[in-house]
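Contents: one structure, followed by commentary.
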Amino acid sequence: MILLDGKKTSAEIKNEISIAVKQLKSEGKKTPHLAAILVGSDGASMTYVASKVKACKMVGFDSTLIELPEDTSEKELLEQIHKLNNNKNIDGFIVQLPLPKHIDEQKVLMAVNPDKDVDGFHPTNVGKMTLELPCFLPATPFGILELLERYNVETSGKQVVIIGRSHIVGRPMSILMSQKRKAGNATVTIAHSRTKNLKAITQQADIIVAALGIPEFLTGDMVKDGVTIIDVGITRVKDDTKKRGYRLAGDVHFESVSKKAAYITPVPGGVGPMTIAMLLKNTLIACERK
């Protein structure tokens with residue numbers, strides 16, 4: 001069993017980005033600049049944004065963090081987005097999700113300039129991705145593809161089952177893995193909460209992407225020997241034996257599934273670090289396009 005080490009791979013990618021940034025600077029070109037808007041004080045969002053800012057510093061990017069209070073109106077947020085859209089110094093930006101309930105997330109995502117949408121969520125980028133045109137790929141699926149490629153996991157002609165149909169992971173992942181690309185050419189099945197006989201489907205899979213947000217949902221009896229497992233989930237599970245009172249669990253029951261897997265991502269340290277690395281990669285691409 002080989003661990004698909006996202007922490008190690010993301011460090012390699014950040015190093016490559018850092019070298020590219022040094023080259024841009026040596027040629028007197030612009031330094032990539034990533035901005036983030038954070039509305040409210042959700043703990044997980046604050047931690048995630050802080051790690052993005054830290055990663056920017058690590059690779060030599062400029063970064064801007066715009067922190068807005070929980071009661072920021074939708075109009076005020078859209079005005080901030082408009083400013084970033086028109087700021088020529090900003091190459092890409094993200095609006096950290098989830099947003100407070102009084103703000104329409106779809107309206108906010110639609111307001112982002114597709115050329116600066118380094119999260120890859122805008123319908124223009126999603127449409128271009130579907131048609132295999134140059135675009136920003138959503139950071140998490142992009143990171144999964146990169147992991148599969150760098151570990152030389154064979155995907156061509158393989159049976160891939162994706163559990164979860166979100167617009168952020170499941171849906172784009174299904175499109176990308178069915179396309180003609182190195183980590184692609186697969187036969188893809190999307191499973192979800194209404195799927196019947198899920199166990200029979202997952203037992204046939206060569207590769208499983210678990211992205212449904214239910215801790216330790218996928219168990220050893222649901223997979224075949226030699227399977228490749230990509231665990232996208234990360235949930236805090238109560239654990240009184242831990243000093244902090246909880247442990248982090250993925251969507252996969254690691255202990256039982258890893259005994260059968262050829263490749264598997266750990267949680268934490270698998271998909272998570274790759275997401276941030278590919279966000280940086282998208283920002284570098286946005287800067288170089290200029």
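- Cluster membership for L212 and I230, using ILVMFWY side-chain heavy atoms within less than 4.5 angstrom, is not shared.
- Within the 4.5 Å cutoff, the side chain of D119 has no heavy atoms near those of the L97 side chain.
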Derivation and outcome, side-chain contact (heavy atoms from CB on, under 4.5 Å), residues R165 and M173: CA-CA 9 Å; R165 51 182 167 180; M173 202 70 230; over 6 Å; no
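- Within 6.0 Å of CG on N86 lie more than 12 heavy atoms contributed by other residues, nucleotides or ligands.
- Salt-bridge annotation for D240 and K238: present, with a side-chain N of the basic residue lying under 4.0 Å from a carboxylate O of the acidic one.
- Dense packing is recorded around NZ of K224, with more than 12 heavy atoms of other residues, nucleotides or ligands lying under 6.0 Å away.
- Evaluated for a side-chain hydrogen bond (donor to acceptor under 3.5 Å, both in side chains) with H33, the options N87, D91, N89, D62 yield exactly one hit, N89.
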Verdict with reasoning, F93 to T64, per side-chain contact (heavy atoms from CB on, under 4.5 Å): CA-CA 9 Å; F93 69 93; T64 298; over 6 Å; no
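- The structure places CG of L34 at 7.0 Å from CG of L280, a figure rounded to the nearest 0.5 Å.
- Taking the charged nitrogens against the carboxylate oxygens, D206 and K158 have no contact shorter than 4.0 Å, which rules out a salt bridge.
- No donor-acceptor pair under 3.5 Å is formed between the side chain of K281 and the backbone N or O of I13.
- Here the side chain of T31 pairs no donor or acceptor atom with the backbone of F61 at under 3.5 angstrom.
- The two residues L4 and Y263 have their closest heavy-atom pair at CD2-CD2, 3.7 Å.
- Of all heavy-atom pairs between P138 and F121, the closest is CB-CE2, 4.4 Å.
- For the atom pair OG (S18) and CE (M58), the distance works out to 10.0 Å, reported to the nearest 0.5 Å.
- For V39 against P69, the heavy-atom pair with the smallest separation is CG1-O, 3.5 Å.
- Residue K128 qualifies as open at atom NZ: its count of foreign heavy atoms under 6.0 Å is 12 or below.
- At least one side-chain heavy atom of I37 sits under 4.5 Å from a side-chain heavy atom of L77.
- More than 12 heavy-atom neighbours from other residues, nucleotides or ligands sit within 6.0 angstrom of CZ on R244.
- The number of heavy atoms from other shown groups lying within 6.0 Å of NE2 (H192) is above 12.
- E76 and Q80 share no side-chain donor-acceptor pair at under 3.5 Å.
- What you find for V160 and A186 is that their closest heavy atoms are CG2-CB, 3.5 Å.
- More than 12 heavy atoms of other residues, nucleotides or ligands sit less than 6.0 Å from atom CD of E27.
- Ion pairing of R150 with E146 is present here, as a side-chain N (NZ or NE/NH1/NH2) and a carboxylate O approach within less than 4.0 Å.
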F142/T275 under side-chain contact (heavy atoms from CB on, under 4.5 Å): CA gap, chis, key distance, verdict: CA-CA 8 Å; F142 194 7; T275 299; over 6 Å; no
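- Here the straight-line distance linking atom CG of L109 with atom CD of Q106 works out to 6.0 Å at 0.5 Å rounding.
- Minimum heavy-atom separation, D115 to A286: O-CB, 4.3 Å.
- No side-chain heavy atom of T228 sits under 4.5 Å from any side-chain heavy atom of I264.
- Look at E216 and R247 and you find a salt bridge, because one of the NZ, NE, NH1 or NH2 atoms lies within 4.0 Å of a carboxylate O, short of that distance.
- For the pair M278 and L137, the minimum side-chain heavy-atom distance is 4.5 Å or more.
- If you take OG1 on T265 and CD1 on I144, they are separated by 8.0 Å, rounding to the nearest 0.5 Å.
- Taking the side chain as every heavy atom from C-beta outward, T189 and I162 never approach each other to under 4.5 Å.
- The distance from atom CD1 of I276 to atom OH of Y48, rounded to the nearest 0.5 Å, is 5.0 Å.
- Without hydrogens or angle criteria, S45 side chain to S41 main chain gives no donor-acceptor distance under 3.5 Å.
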Derivation and outcome, salt bridge (Lys or Arg N to Asp or Glu O under 4.0 Å), residues E79 and K75: CA-CA 6 Å; E79 282 168 2; K75 183 172 178 286; 3.0 Å; yes
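- Heavy atoms of other residues, nucleotides or ligands lying less than 6.0 angstrom from NZ of K54 number 12 at most.
- No more than 12 heavy atoms of other residues, nucleotides or ligands sit less than 6.0 Å from atom NZ of K88.
- Side-chain contact between Y151 and T9: present, with at least one pair of heavy atoms (C-beta onward) separated by less than 4.5 Å.
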Pair M1-I229, side-chain contact (heavy atoms from CB on, under 4.5 Å): steps then yes or no: CA-CA 11 Å; M1 188 270 292; I229 300 288; over 6 Å; no
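- Between the CG atom in L99 and the CG atom in D42 there is a gap of 10.5 Å [rounded to 0.5 Å].
- Screening D251, V223, V227 against L218 for a side chain to side chain contact (heavy atoms under 4.5 Å, CB included) leaves a single residue, V223.
- With a 4.5 Å cut-off on side-chain heavy atoms, I207 and Q159 do not count as touching.
- For the residue pair S256 and T219, no side-chain donor N or O sits within less than 3.5 Å of a side-chain acceptor on the partner.
- For the residue pair Q96 / K52, a side-chain donor-acceptor distance below 3.5 Å is found, with atom types taken as modelled.
- The heavy-atom pair separating T72 from I103 by the smallest distance is O-CD1, 3.6 Å.
- Between P32 and L24, the closest side-chain pair of non-hydrogen atoms falls below 4.5 Å.
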